Each structure stands twice: as C-alpha cells, then as structure tokens.
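Below: one structure, written as structure tokens.
Order of the sequence lines sets the chain letters (A, B, ...), proteins ahead of strands, with each chain counted from 1. Here the structure is a predicted model, which is why all the values come from computation and not from measurement.
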Protein chains: 2
Amino acid sequence: MTVLSRTEIEPAGGVALWRQIADAIRLDIVGGKLETGDRLAGELPLAERFGVNRHTVRRAIAVLVEEGVLRAEHGRGTFVAEARRLSYPIGRRTRFSEGLAGQTKQRARTILSSRIERATARLAERLDVKPGTRLIRVETVAFADGRALSRATGWLPEQRFPEYPAVLAETGSTTEALKRYGIDDYSRGSTRISARHATTDEAQVLKLAPGAVVLVSDAVDIDAAGVPIHTLLTRFPADRMELVV
Amino acid sequence: MTVLSRTEIEPAGGVALWRQIADAIRLDIVGGKLETGDRLAGELPLAERFGVNRHTVRRAIAVLVEEGVLRAEHGRGTFVAEARRLSYPIGRRTRFSEGLAGQTKQRARTILSSRIERATARLAERLDVKPGTRLIRVETVAFADGRALSRATGWLPEQRFPEYPAVLAETGSTTEALKRYGIDDYSRGSTRISARHATTDEAQVLKLAPGAVVLVSDAVDIDAAGVPIHTLLTRFPADRMELVV
DNA sequence: CCAACTTGTATAGTGGAATAGACAAGTACG
DNA sequence: CGTACTTGTCTATTCCACTATACAAGTTGG
C-alpha cells in the first residue's frame with residue numbers, strides 16, 4: 001500500500017520542510033488518496049520517503065493533528081480524521097446556500113463590517129458606474145458545520161441599494177435581500193479565478209495557518225437586463241474547498 | 001502614493017518572512033496596484049511597513065528581481081519590470097491556442113512523456129470505462145513567449161485513440177489530433193478548480209520557486225454524443241495565470 | 001559641489017529549523 | 001510473556017533566517 005507518492009522534498013525556498021511535508025500529506029488526504037479512518041505510514045518510513053529526519057515528519061504531523069486532519073494514537077499509528085473537500089458550483093445561477101446543500105448540515109453567513117466607499121477606476125468599470133460613485137462595501141464570512149469556508153468582499157452602488165447591509169443582515173441571504181429591491185432574478189456575469197497565499201487577515205478570519213493557499217473568485221452579478229448589480233471578491237481556503245464549473 | 005497596503009507580516013508559520021513579503025509585493029503587481037515601470041517604495045519604508053528589518057525586504061526584492069518581476073537600479077530605486085497576468089478562458093469550447101490569442105505573441109506545447117496505464121477507479125469513473133482499461137497517459141508543458149504557462153497530464157482510452165502521442169506530436173494541437181480519429185467537435189464536460197502549493201516536479205518544469213502556488217484544473221472533454229474523450233489535469237502558476245469562467 | 005536620498009556590501013549576534021541518537025511508553029501478535 | 005512494532009519525550013549540534021549597525025557608492029536636485 002503506497003500511502004504517499006515518493007514526493008521528494010527540497011531543502012529551501014523559504015518554506016520550511018515540515019510545512020512542505022504537511023502540505024503533501026494534506027494533499028493526499030483531500031485529493032482522495034487517503035480516506036477517513038485510513039492509517040498513515042509510520043513516522044520512520046515517512047521520514048525515509050521524504051528524505052528528512054523523523055522529527056521533521058513529527059512536526060508536520062503535529063500541525064495536521066492540530067488542524068484536526070489527523071489523529072495520532074500512541075503505540076498504534078496515525079489516522080486520517082477528516083478527509084472530504086467541499087465543492088462549490090460556479091455557473092450562471094450560483095446561489096450560496098443551494099450550492100452546498102447536501103454537502104453540509106448547517107450553513108451561515110456573518111457580516112463582519114460595511115462602509116461607504118468611492119468607486120475606484122477598477123470597480124467603476126466592473127459595475128458600469130462613474131469613478132467616484134458611492135458604493136456600499138460589505139465584508140462577510142461564511143461558515144458550514146462550524147468551519148469557515150469563505151471570506152468575501154462585495155460592492156454595490158449605494159443609490160440603487162440604500163441600507164443594503166441592514167437588509168442583508170435581516171434576510172440573511174443575498175437572493176432574499178435583492179428581492180427587497182425588486183430584483184427577482186439575477187445571474188452571474190463573469191468569474192475570474194486565481195490563487196495565492198492567504199494574507200494574515202484572511203488567515204486569521206478563516207483560521208488558516210499563515211502561508212496557506214486561498215482560491216480567489218472575482219465575480220460580477222447582473223440583473224435580468226444585464227446591468228451589473230454587485231461585484232464580489234471571494235477567498236476560499238484551498239484545502240477545504242474546490243470550485244466546480 | 002500608497003504603494004503597498006499596510007500588510008502586517010507575522011513571524012512564523014513555516015513560511016519565511018522574506019517569502020511572505022515577496023508574495024505580498026508580487027500580489028500588488030499582478031493584482032494591478034502596481035503597473036509596469038512604477039517605482040516601488042524604498043527599502044527602508046517597506047521594512048517599516050512590514051515591521052521587519054531592511055535586509056529581510058532586500059531578500060524578498062532579490063527573489064523578485066531574479067524572477068524578472070522587479071528591476072533594481074543602484075541609487076535610483078526599484079521598479080516593476082513586468083506586470084500582467086494572463087487570462088485563460090474556461091467554457092464549453094475551450095481551445096488552448098484560441099484562449100490565449102491576442103495575449104501572447106507565440107505559443108507552444110511540448111510532450112514530456114507518454115505511457116500506457118491501467119485505469120484506476122477514479123479515472124475509470126471519469127472516462128466512463130471499466131477499471132483496469134488501458135489508458136494513454138500524456139504529460140505536457142505549454143509555453144508562451146518563452147515562459148512556462150501550464151503543466152498538464154491527460155488520459156485517453158487506448159482502444160479509441162491508438163498511437164495518440166505520435167499523432168499529437170505530429171499535429172501539435174489537441175483539436176487537430178482528435179480530428180484524425182473522426183472527432184470534428186468536442187466540448188468540455190465539467191471542470192473542477194482547486195489550488196495548492198507546487199510539487200518539486202512542477203516547480204522544476206514550470207520554473208517556479210518551491211512553495212509557489214499552482215491553480216489546478218481537473219476537466220473532462222466529451223464528444224458530440226456526450227461520451228468522455230479524455231480527462232485533463234492542468235496546473236497553472238498562480239502568479240502568471242488566472243482562469244476566466 | 002553638496003545634502004539627501006537611493007541601492008549595495010560587510011560583519012556579528014540571536015533564535016528557530018533540521019539533524020542525530022537514545023530511550024520511554026503504548027499496542028499488537030505469536 | 002516477550003518481541004517487534006508504534007508514538008512520545010529529551011538532549012545536543014549544525015545551519016540558516018532574521019536582526020542590528022555601519023559604511024560604500026550611485027542618483028537627484030538645489
């Protein structure tokens with residue numbers, strides 16, 4: 001049973017060996033090579049496979065145990081505690097709550113903050129308004145089954161959506177909130193997907209180790225007439241979520 | 001001129017400070033906050049902003065200079081050498097060469113290797129064949145203007161596409177190669193997008209620093225009748241490419 | 001020319017990452 | 001029971017990331 005592919009780890013690059021090893025093991029778990037309850041190879045075999053000292057492997061495992069991904073049992077071995085990665089669908093009619101239905105028991109969204117901002121050139125182009133237009137900026141976090149799944153920043157023109165944060169807080173759903181403004185239907189214009197290391201702010205809110213990878217989705221929603229409603233910058237923890245087109 | 005947001009950098013996490021800083025600066029560049037030719041803030045102001053020593057900032061800059069992202073001039077300052085991130089469209093009819101047309105002058109694909117493999121349960125499900133079916137596995141790298149843009153692994157059923165690697169090498173294009181087998185049209189079934197740190201193999205082939213982030217696209221192409229043709233696992237360097245849905 | 005900025009270089013000290021080896025303590029199996 | 005495996009703990013050592021300070025050397029503008 002080849003538990004891990006013979007991934008050789010190089011010494012440097014600014015990323016500690018123990019972190020590279022932790023990432024490699026986590027990858028085998030969320031990638032499906034290891035399933036919940038499976039027993040990991042022993043520390044000594046793993047150390048040999050990665051070409052490092054046993055203590056370096058131990059540190060990597062300690063991090064994954066801390067994260068809740070692995071579970072170590074004295075004298076028996078180390079086991080996979082939790083494996084699955086959630087899939088978030090992306091399409092014309094993406095709805096947050098529907099997308100994850102069936103994958104999680106409970107879902108929730110929290111508004112971190114909101115404020116008025118002037119449209120930069122970039123935002124103005126996206127929302128098809130004049131630069132300097134007053135926009136509402138809303139910062140949110142989404143949870144499912146107690147784990148943070150996304151950190152999003154949204155912008156809407158204030159003129160069309162006055163008091164939006166209050167309405168969103170009251171309804172708890174983007175779809176419902178937009179209905180209050182007479183928008184019965186909306187769809188996704190374009191989505192740009194990229195990836196990068198998490199910022200310290202994101203790492204804090206999403207409870208990630210610094211240096212973790214986030215998937216970034218930059219989307220624009222449009223109404224039935226094709227007019228941009230709001231633009232949304234969402235960051236997903238790459239080890240917990242994948243996007244499905 | 002706020003060249004960089006006041007991103008505070010935390011000490012540890014297994015990722016070196018200089019790497020976190022390099023990532024932060026690169027993010028400002030590919031994210032559009034800094035454009036080609038712009039002057040970066042001085043090393044001392046940067047060090048103060050990140051809360052680190054000047055030498056730590058210097059090391060981060062040295063890496064970006066090495067990558068060709070920045071250009072340092074003695075006595076004058078440090079400047080952005082190259083900014084733009086390429087956009088790779090994802091849709092029903094994704095064609096590699098068309099997708100990047102207009103963004104690059106020259107494009108090329110190299111076949112690294114190919115071999116026969118037995119379908120695992122996972123691959124069998126994707127290609128709608130029995131587990132153990134003989135598959136052709138093709139490893140490729142794509143370049144544009146001399147820079148590596150993607151590292152892909154493809155699987156096709158051998159029975160339907162005998163000698164595929166030779167045909168692909170001869171035609172140089174997936175679309176053309178498939179025509180030889182009577183497939184005039186094909187489209188994308190589903191695409192799953194995730195992100196993670198690059199493996200050492202990927203870092204080598206794509207010429208990335210170890211610890212760099214890759215976008216991973218896992219797709220299935222189907223013919224006009226809806227039968228799976230081939231499945232493709234593509235890794236893009238996240239700092240050079242973004243995916244557009 | 002000179003003052004005030006910039007990047008480049010050198011040296012020295014501190015703390016953490018990684019290695020090495022030895023041993024304690026739990027579990028499984030004949 | 002006892003052997004062979006496992007994870008857990010300790011100590012010592014080497015190497016590099018990071019800090020701190022100082023100064024060289026290029027550029028710009030008055």
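- Atom pair Gln20(B):CD and dA17(D):P shows a separation of 14 Å (rounding to whole Å applied).
- Counting non-hydrogen atoms of neighbouring residues, nucleotides and ligands closer than 6.0 angstrom, the CD atom of Glu117(A) exceeds 12 such neighbours.
- Closest to the side chain of Glu43(A), from the set dA18(C), dT19(D), dG8(D), is dG8(D).
- For Ile21(A) and dT19(C), the CD1 to C1' distance is 13 Å, given to the nearest whole Å.
- Thr231(A) places a side-chain N or O within donor-acceptor distance of the main-chain N or O of Ala219(A), the cut-off being under 3.5 Å.
- If you measure from atom CD1 of Ile61(A) to atom P of dT6(D), you get 12 Å, rounded to the nearest angstrom.
- Toward the 5′ end of DNA chain C lies the nearest nucleotide of Arg59(A), the other residue of the pair Arg59(A) and Arg76(A) mapping further downstream.
- Which of dC18(D), dT6(D), dA18(C) sits closest to the side chain of Ala16(A) comes down to dA18(C).
- Here Glu202(B) pairs with Arg196(B) in a salt bridge; the nearest charged N to carboxylate O distance falls below 4.0 Å.
- Spacing between atom CG of Leu46(A) and atom P of dG8(D) amounts to 13 Å, rounded to whole angstrom units.
- Checking dA20(D), dT9(D), dT6(D) against the side-chain heavy atoms of Arg58(A) singles out dT9(D) as nearest.
- With the nearest nucleotide of DNA chain D identified for both His55(A) and His74(A), His74(A) has the one nearer the 5' end.
- Donor-acceptor pairing under 3.5 Å, judged by distance alone, is absent between the side chain of Arg54(A) and the base of dG21(C).
- In this structure, the CZ atom of Arg19(B) is 18 Å from the P atom of dC16(D), given to the nearest Å.
- The CZ-P distance, from Arg71(A) to dT6(D), rounds to 17 Å in whole Å.
- OP1 or OP2 of dT7(C) lies within a sub-4.0 Å distance of a side-chain N or O belonging to Thr78(B).
- Remark: Glu73(B) CD is packed, more than 12 non-hydrogen atoms of other residues, nucleotides or ligands lying under 6.0 Å away.
- A straight line from CG of Leu44(B) to P of dA22(D) spans 14 Å, rounded to a whole angstrom.
- Of all non-hydrogen atoms in Met241(A) and Leu215(A), the two that sit nearest each other are O-CD1, 3.9 Å.
- Between the P atom of dT13(D) and the CG atom of Asn53(A) lies a distance of 16 Å, rounded to the nearest Å.
- The 5' end of DNA chain C is approached more closely, in terms of each residue's nearest nucleotide, by Glu73(B) than by the other of Thr56(A) and Glu73(B).
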